[in-house]
Amino acid sequence: MPNRSTPLGIITHGSLNAGVQMKLDASVSVESIRSGTFCVIEGSKHDFFSMITDIAIEAANENILLNPPSLDDTLLLDVMRGSSAYVTVSLKPMLMMQNEEHPELVDDGPKPVKTVPAHFSTVAEADDEDVSRVFGAEANEGGNRFFHIGQPINMDSPVCIDLDRFIERSNAVFGKTGTGKTFLTRLLLCGTIKTGKAVNLVFDMHSEYGETARQEGKGAAFVKGLRELFPSKVQVFTLDPETSRKRNSRPDQEVYLYADQIEPEDILPLQDTLRLNQTAAESAYLLKKTYGRSWLRTLLDHDSMSELAEEIGANEASLSAFRRKMGFFDRLGFLKKESVKGRDDVLQGFLDVLKQGKSIVLEFGRYSDLTTYMLVANVITRRLREAYEDMTLVYNRTQNEADKPHPLIITIEEAHKFLSPGIARETPFGKIAREMRKFFVSLLVVDQRPSAIDEEVLSQIGTKIVAQLNDEKDIGAALVGTSGAS
């Protein structure tokens with residue numbers, strides 16, 4: 001086989017649906033074959049890019065297995081290996097490509113498999129050129145489209161991600177705690193920032209992206225943060241400048257919110273964490289209807305719940321319970337009570353930085369509890385989503401490239417809390433996953449419980465990077481819609 005390693009074996013059986021079987025060459029040790037390895041089957045007209053899915057030891061005659069040769073008879077053992085006793089390897093063809101010996105075929109890239117290779121087609125381990133034909137190579141297209149993210153199992157060939165396709169849809173990194181989700185996510189963000197394909201807003205719950213972070217595990221080392229790697233392209237915002245000073249970090253901007261910037265829609269994702277019932281949500285909308293933007297401050301500051309309940313037409317007991325659970329707002333140091341004219345609009349500051357083509361890492365400092373994280377992420381994302389819808393409408397009207405918004409990727413951790421089936425339709429994140437592709441906004445979902453994410457949202461995710469998952473429901477959800485998921 002031209003430009004490839006020593007053949008592993010030849011094709012003997014198979015079908016289009018079930019995959020094909022290779023008889024392993026007697027000179028190849030079965031223990032060198034690994035499930036998950038990429039191989040190429042060289043057919044008469046096409047190369048079939050395939051994956052090893054199973055390995056089995058076989059015998060031409062059952063009597064051989066019933067009466068195996070003595071371990072001392074090394075000559076007979078060597079004679080029987082590969083002939084009377086042999087190994088079959090199951091392969092799943094994933095893509096078919098133009099064969100080097102048939103340049104007359106149209107080479108429009110890898111295509112879905114619609115046929116099978118002939119009997120006795122040769123199989124070899126995929127080399128760098130084969131992998132690059134499927135995943136691309138950084139050297140292609142001026143190094144501005146493909147970004148190297150790692151190697152396949154048991155192989156040294158670089159695998160790249162197509163950033164042009166990556167930014168078109170929402171994407172996900174799944175895996176249980178400690179499997180490297182954060183570092184995989186950091187790598188993906190580096191690709192978009194380095195090439196300028198998109199700007200990013202990272203809701204950094206544990207301050208792991210913007211500044212130097214420590215790897216987990218034995219012999220852990222420290223790695224540079226995104227602002228250290230790209231000082232002119234990344235800014236760090238913080239809700240907690242005091243904690244930043246203790247870390248000798250200098251954030252680019254302090255973030256604070258006003259109570260009148262919070263909408264009832266921002267409270268909906270907090271139903272589980274605050275144990276809010278449906279009546280609480282109805283109370284929030286009644287307050288909004290009566291008091292407008294000052295609904296939350298009115299709830300927190302009002303002296304008499306009975307009078308307030310009568311005024312808005314709500315149940316007093318439910319309203320009192322709702323107020324108690326909303327009391328955590330008063331403990332948030334970054335939430336301002338004042339509503340004054342001419343105040344700084346920090347949310348507009350996010351948009352101004354993104355318009356400059358810079359990415360933002362928002363650190364939470366000591367406010368890293370899940371309730372605060374969800375509230376802030378919802379408020380900021382809702383505002384940005386509305387702004388991007390407006391900018392896109394302007395661009396569609398003028399068709400001027402100067403008006404085209406920078407594609408925006410919003411990274412959220414604990415994503416199932418924002419995208420669970422009960423609330424995904426109501427949150428800004430659910431709308432982004434379903435509808436915002438045409439408005440240049442997408443999500444990068446980082447989560448350890450994909451089974452808790454709404455199925456409609458999962459169906460809209462383009463690229464999935466899946467680290468180890470233990471729960472069968474999570475594995476099934478992460479691989480939903482994937483060919484050959486089993």
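The structure presented is a predicted model; accordingly, all values stated were derived computationally and were not measured.
- Salt bridge present: Glu168 and Arg165 bring a charged side-chain N and a carboxylate O closer than 4.0 Å.
- A distance-only check finds a donor-acceptor pair linking the side chain of Lys464 to the backbone of Val480 [under 3.5 Å].
- Put simply, the side chain of Asn200 never gets that close to the backbone of Val202: no donor and acceptor are under 3.5 Å apart.
- With Asp447 contributing its side chain and Ala415 its backbone, the two residues share a donor-acceptor pair below 3.5 Å.
- In this structure, a donor-acceptor pair under 3.5 Å is present between the side chains of Gln448 and Thr177.
- Residue Ser232 comes nearest to Lys358 through the heavy atom pair O-CE, 3.7 Å, listed as atom of the first residue, atom of the second, then distance.
- Taking 4.5 Å as the limit, every side-chain heavy atom of Val361 sits out of range of all side-chain heavy atoms of Leu189.
- Looking at Ser294, its side chain never comes within 3.5 Å of a backbone N or O of Arg297 through a donor-acceptor pair.
- The shortest heavy-atom contact between Thr192 and Leu163 is CG2-CD2, 4.3 Å.
- Taking both residues in full, the closest heavy atoms of Phe166 and Asn171 are given as O-ND2, 2.7 Å, listed atom of the first, atom of the second, then distance.
- The backbone N or O of Thr463 lies less than 3.5 Å from no partner atom in the side chain of Arg169, so there is not a single donor-acceptor pair.
- With contacts defined as side-chain heavy-atom distances shorter than 4.5 Å, the pair Val445/Phe174 qualifies.
- Residues satisfying the side chain to side chain donor-acceptor pair (under 3.5 Å) criterion with Gln253, sequence neighbours excluded, are absent altogether.
- Under the 4.5 Å side-chain criterion, counting only non-hydrogen atoms from C-beta, Gln348 is in contact with Arg383.
- Nearest heavy-atom pair across Ala126 and Val40 is CB-CG2, 3.9 Å.
- Tested against Lys288, the residues Glu282, Glu265, Glu263 include a single salt bridge (Lys or Arg N to Asp or Glu O under 4.0 Å) partner, Glu263.
- Checked by atom type and distance alone, the side chain of Ser170 pairs as donor or acceptor with a backbone atom of Leu443 at under 3.5 Å.
- With Arg385 contributing its side chain and Met436 its backbone, the two residues share no donor-acceptor pair below 3.5 Å.
- Checking Ser451 against Asp474 by side-chain atom types alone, a donor-acceptor pair falls below 3.5 Å.
- By the 4.5 Å heavy-atom criterion applied to side chains, Gln235 and Arg227 are not counted as neighbours.
- For Thr392, the side chain to side chain donor-acceptor pair (under 3.5 Å) criterion is met by no residue, not counting sequence neighbours.
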Next on the checklist: Before you tell me yes or no, could you show the steps for Phe237 and Phe350 under ring pair (Phe, Tyr, Trp, His ring centres under 6.0 Å), namely the whole-Å CA-CA distance, both residues' side-chain angles and the distance that decides it to 0.1 Å?
Outcome noted: CA-CA 9 Å; Phe237 288 20; Phe350 279 83; 4.9 Å; yes
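- Listed for the Lys197 side chain is no donor-acceptor partner under 3.5 Å among the backbone atoms of Gly191.
- The closest side-chain heavy-atom distance from Asp128 to Pro158 is below 4.5 Å.
- Residues Asn315 and Thr279 bring no donor and acceptor atom of their side chains to less than 3.5 Å of each other.
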Checklist entry - So Phe135 and Phe146, ring pair (Phe, Tyr, Trp, His ring centres under 6.0 Å) or not? Walk me through it. => result CA-CA 8 Å; Phe135 295 99; Phe146 298 100; 9.9 Å; no
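- With contacts defined as side-chain heavy-atom distances shorter than 4.5 Å, the pair Thr381/Phe203 qualifies.
- The ring-ring contact (aromatic ring centres under 6.0 Å, His included) pairs that include a residue from residues 421-452 are Phe418-Phe429, where partners are two or more places apart or lie in different chains.
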